[in-house]
Amino acid sequence: MWAAAVVVDAGRIVGQRVVGGCASGPYVPGMLALRLGPQLEDVVRRIAPWPEVLLLDATGGDHPRRAGLAVHLGAALDLPTVGVTHRPLLATGAWPADEAGATSPLTIGTDQVATWLRTRRGTRPLVVHPAWRTDLDVAVRVVEASLAGRRTPEPLRSARQAARRARAGQ
DNA sequence: GCGACAG
DNA sequence: ATCTTGTCGC
């Protein structure tokens, strides 16, 4: 398993780190932190400059115990976190209008734990999860500020690309 | 037994 | 995540 972390400031990559090794457990929905937590914490701790907020492929309160991987990692690192996923884990809610910036609530019972966000017209909306020391409003603003005109936040694209390169050996 | 189920 | 199928755009 490979993990990559990049620090993006004003659209520019100002820090990057890649780390490899064995995943620490199997993939079990609801227990991602057990599988990926240790290596993700390691790769973030090695990065410089230290970020103001972490964007992760993970959920926050959309979790059986309201503690998705983004919550765990934020707590472990004492760093604000925001999650971005393709789909919710448990929460449900109708898609927002097909307009950039449109949002709609994702709820578990009466609690809104995340929001659908249409980052770009004509594409599937992303799920934005407030997590450690962030709320819905901040989470959406962080994601929108990191889009760089694309559907997916630039830090996540860069990190995926770096991890893919490392996995291929280079 | 089958589908759902972050990555 | 990974894989497969289908669509759209360059």
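As the structure is a prediction and not an experimental result, all values here were calculated from the model. Chain naming here is simple, since letters A, B, ... match the order of the sequence lines and numbering starts at 1 in each. All values below were derived from every heavy atom in this structure, side-chain atoms included, with hydrogens, water molecules and symmetry-related copies excluded.
- For the pair Asp98(A) (side chain) and Arg121(A) (backbone), a donor-acceptor distance under 3.5 Å is absent.
- Using a 4.0 Å heavy-atom cutoff across all strands shown, Thr85(A) reaches sugar-phosphate atoms only and no base atom.
- At a threshold of 4.0 angstrom between heavy atoms, the contacts of His129(A) with the nucleic acid are absent.
- Arg118(A) places a side-chain N or O within donor-acceptor distance of the main-chain N or O of Pro96(A), the cut-off being under 3.5 Å.
- Atom CG of Leu89(A) is separated from atom CG of Leu106(A) by 11.5 Å, given to the nearest 0.5 angstrom.
- Interface limits on DNA chain B: the 5'-most and 3'-most nucleotides within less than 4.0 Å of chain A heavy atoms are dC5(B) to dG7(B).
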(Q) For DNA chain C, please output the secondary structure as dot-bracket, reading 5' to 3'. Pairs are Watson-Crick or G-U wobble, both atom distances under 3.5 Å; mark crossing pairs with [ ], other-strand partners with |, unpaired with a dot. (A) ..........
So which protein nitrogen or oxygen atoms get under 3.5 Å of nucleotides 7-10 of chain C's nitrogens or oxygens?
none

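- Salt bridge status for Glu154(A) with Arg157(A): present, with a side-chain N to carboxylate O gap under 4.0 Å.
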N/O contacts under 3.5 Å, protein versus nucleotides 2-6 of chain C?
from, atom 1, to, atom 2, distance (Å)
dT2(C), OP1, Arg167(A), NH1, 3.4

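- Residue-level contact check: Leu69(A) touches the bases, meaning some heavy atom is under 4.0 Å from a base atom.
- Using a 4.0 Å heavy-atom criterion, one finds that Met1(A) contacts no nucleic acid atom at all.
- In this structure, Ser104(A) contributes its side chain and Ala94(A) its backbone to a donor-acceptor pair below 3.5 Å.
- The closest donor-acceptor contact from the side chain of Thr81(A) to the backbone of Ala131(A) lies at 3.5 Å or more, if one exists at all.
- Using a distance-only test at 3.5 Å, with no hydrogens or angles considered, a donor-acceptor pair links the side chain of Asp62(A) to the main chain of Ala91(A).
- The nearest whole Å value for the distance from the CH2 atom in Trp2(A) to the C1' atom in dA1(C) is 17 Å.
- Across all strands, Gly30(A) comes closer than 4.0 Å to base atoms (heavy-atom distances).
- In this structure, Arg12(A) places its CZ atom where only 12 or fewer heavy-atom neighbours from other residues, nucleotides or ligands lie under 6.0 Å away.
- Within 6.0 Å of the CZ atom in Arg45(A), the count of heavy atoms belonging to other residues, nucleotides or ligands exceeds 12.
- The closest donor-acceptor contact from the side chain of Arg17(A) to the backbone of Val7(A) lies at 3.5 Å or more, if one exists at all.
- With hydrogens and angles disregarded, no donor-acceptor distance shorter than 3.5 Å links the side chain of Thr115(A) to the backbone of Leu117(A).
- Nucleotides dC5(B) and dT2(C), compared at atom C1', are 15 Å apart to the nearest Å.
- Listed for the Thr107(A) side chain is no donor-acceptor partner under 3.5 Å among the backbone atoms of Gln112(A).
- As rounded to the nearest Å, dA1(C) and dA4(B) have C1' atoms that lie 16 Å from one another.
- For Arg120(A), the CZ atom is loosely surrounded, since the number of other residues' heavy atoms within 6.0 Å does not exceed 12.
- In this structure, Trp132(A) contributes its side chain and His72(A) its backbone to no donor-acceptor pair below 3.5 Å.
- Rounded to whole Å, atom C1' of dA1(C) lies 10 Å from atom NE2 of His86(A).
- Consecutive Watson-Crick or G-U pairs involving DNA chain B, each under 3.5 Å on both distances, never reach a stem of three or more pairs.
- Residues satisfying the salt bridge (charged side-chain N to carboxylate O under 4.0 Å, His left out) test with Asp111(A), not counting sequence neighbours, are Arg66(A).
- Checked by atom type and distance alone, the side chain of Ser146(A) pairs as donor or acceptor with a backbone atom of Val142(A) at under 3.5 Å.
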